[in-house]
Amino acid sequence: MATATVSLHRIDATTWEIPASARPDMRVPARIIADGELLAEIRGDESLVQLQNVATLPGVVDAVIAMPDIHQGYGFPVGGVAAMDVEEGVVSPGGVGYDINCGVRLLALPLDADELGAERKERLMDELFARVPVGTGRGGGVPLRPGELEAVLREGPRVLVDKGIGRDDDVEHCESRGRIEGADPAAVSQRARERGHDQLGTVGSGNHFVELQRVERVVGEQAAATLGLREGQLTVLIHSGSRGLGHQVCTDYVRKMDAMLARYGIRLPDRQLSCAPIRSPEGRAYLAAMAAAANFAWANRHAIAARVREAIARVLGREVAAATQTVYDVAHNVAKFEAYAERRVLVHRKGATRAFPAGSPEIPERYRSCGQPVFIPGSMGTASWVLVGAPGSVERTFGTTCHGAGRRLSRTRARKQIHGRELERQLAARGIAVRAASARGLAEEAPFAYKEVDKVVEVVERAGIARRVVRLVPVGVIKG
DNA sequence: ATGTAC
């Protein structure tokens with residue numbers, strides 16, 4: 001509806017702008033990174049109206065930005081970036097998303113896909129499916145003693161290493177070492193902690209997965225070598241988040257902040273943008289709870305990876321498991337304090353990935369020469385990408401790039417077009433082994449429900465915010 | 001995304 005009236009000005013080959021003058025309530029312009037074709041898809045939903053809504057929030061600086069994989073979400077669009085001045089600005093749970101620190105971790109095996117063989121592949125898939133719990137509302141996570149969940153919320157995956165789960169180098173290869181400062185378990189409700197207590201090391205459902213892959217193509221030779229990736233190699237991509245715990249944190253603070261809007265004199269075009277001043281008690285409490293949920297999510301992917309190593313050890317041997325490296329782990333649903341042009345801001349990235357360029361002190365030393373690794377999970381049965389951050393991200397997008405293919409069809413519409421078991425047969429016919437807890441969940445993630453991931457990453461490369469390194473194709477997938 | 005509706 002309203003999308004038809006959005007006035008877009010093309011700025012360059014990959015950037016469009018909606019000026020702040022487009023609506024009386026916009027404080028800053030909205031910019032869209034895309035190409036003509038992706039833009040046409042983006043205009044098919046409400047995401048650009050949502051982006052303009054975000055541009056009305058108090059303290060928003062410079063411009064709100066849409067990545068080429070943007071689609072509509074809760075209040076904020078998924079695939080949106082908004083930076084708020086730390087003094088004047090607000091923090092919004094909807095700007096982070098219900099799945100706090102949903103993110104992606106890549107493991108690299110010291111083995112080529114060719115060397116695996118059909119029989120060991122099926123056994124590896126069975127072992128993975130047996131060891132890594134998938135599905136909604138299911139427990140089966142790492143058993144925790146009293147106080148240990150609170151330690152994980154405070155410190156992240158480092159706590160699990162102390163328990164003998166995973167390794168120091170896994171933690172070193174996480175964005176911000178798997179920990180956001182200022183986490184406070186006391187800011188996380190009892191209910192949220194109850195929901196999370198048996199979910200550490202579980203995948204969940206929706207678009208979450210554990211995928212066995214092959215490096216199909218190397219595009220950036222030098223960066224690939226630096227990241228320890230080569231053509232033909234086996235990898236495992238883990239996509240999950242903070243499960244019920246993060247979901248409950250979002251629910252709790254959306255409600256709390258909604259009740260305070262009038263008192264803080266905040267007027268919103270959409271109540272789903274519920275927010276509070278960064279400096280307010282509610283804002284600080286949310287940030288402390290968000291950090292705790294983010295730390296939980298990093299520990300979750302760390303624990304999943306440890307179980308993946310167990311499955312690898314069982315089928316391919318202890319040595320292969322020990323030589324399986326965590327390449328890196330990125331968050332794509334989180335808010336972080338960063339500085340741009342000497343200005344301190346809180347960058348909300350929802351369905352968007354930090355992508356710092358080469359030389360950034362935030363990147364592990366061994367990767368500093370090539371830029372921060374970024375993983376872009378494609379839709380099920382299609383490709384995924386490894387990118388590295390490029391200088392344009394700092395200049396144009398608050399150090400950010402895209403996060404995935406971006407949904408094109410609703411879950412309901414996807415379900416109407418194919419049955420999960422039929423999809424499973426189609427994937428198997430293409431050599432992709434599937435282990436799924438739910439046929440319905442499978443149908444919702446059908447490849448045709450998503451935009452073309454190759455096109456999305458091509459655009460972010462042309463925009464100069466990230467560079468392509470390798471293309472990964474699925475060998476097998478474990479899903480909720 | 002989510003004990004897919006407190």
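In what follows, chains are A, B, ... by sequence order, proteins preceding strands, each numbered from 1.
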Within the 4.0 Å heavy-atom criterion, would you say [X] contacts the bases, only the backbone, or no part of the nucleic acid?
{"X": "A:Arg255", "value": "nothing"}
{"X": "A:Gly241", "value": "nothing"}
{"X": "A:Gly97", "value": "nothing"}
{"X": "A:Glu194", "value": "nothing"}
{"X": "A:Arg195", "value": "base"}

Separation of atom [atom1] in [X] from atom [atom2] in [N], rounded to whole Å:
{"X": "A:Asn101", "N": "B:dT2", "atom1": "CG", "atom2": "P", "value": "13 Å"}
{"X": "A:Gln248", "N": "B:dT2", "atom1": "CD", "atom2": "C1'", "value": "10 Å"}
{"X": "A:Asn300", "N": "B:dT2", "atom1": "CG", "atom2": "C1'", "value": "14 Å"}
{"X": "A:Gln199", "N": "B:dG3", "atom1": "CD", "atom2": "P", "value": "5 Å"}
{"X": "A:Tyr253", "N": "B:dT2", "atom1": "OH", "atom2": "C1'", "value": "19 Å"}
{"X": "A:His247", "N": "B:dA5", "atom1": "NE2", "atom2": "C1'", "value": "11 Å"}
{"X": "A:Tyr98", "N": "B:dT4", "atom1": "OH", "atom2": "P", "value": "13 Å"}
{"X": "A:Glu445", "N": "B:dT2", "atom1": "CD", "atom2": "C1'", "value": "14 Å"}

Atom CD of A:Glu181 with >12 non-hydrogen neighbours under 6.0 angstrom: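 12 or below, so no.
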A:Arg411 vs B:dT4: side-chain N/O to OP1/OP2 distance below 4.0 Å: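 Negative; the distance criterion is not met.
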For B:dT2 and A:Ser205 - does any side-chain N or O of the residue sit under 4.0 Å from the phosphate oxygens OP1/OP2?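 Result: yes.
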Between the side chains of A:Lys163 and A:Glu148, is the shortest nitrogen-to-carboxylate-oxygen separation below 4.0 Å, so that they form an ion pair?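 Salt bridge present between A:Glu148 and A:Lys163.
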Any Lys/Arg nitrogen of A:Glu41 or A:Arg408 sitting under 4.0 Å from an Asp/Glu carboxylate oxygen of the other?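 Here A:Glu41 pairs with A:Arg408 in a salt bridge, since their nearest N and O are under 4.0 Å apart.
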Let me know which of A:Val215, A:Asp454, A:Ile376, A:Val453 forms a side-chain contact (heavy atoms from CB on, under 4.5 Å) with A:Arg471.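 Only one option passes, and that is A:Asp454.
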For A:Glu444, enumerate each residue passing the side-chain hydrogen bond (donor to acceptor under 3.5 Å, both in side chains) test, keeping only those at least two apart in sequence or located in another chain.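 A:Arg411, A:Arg415.
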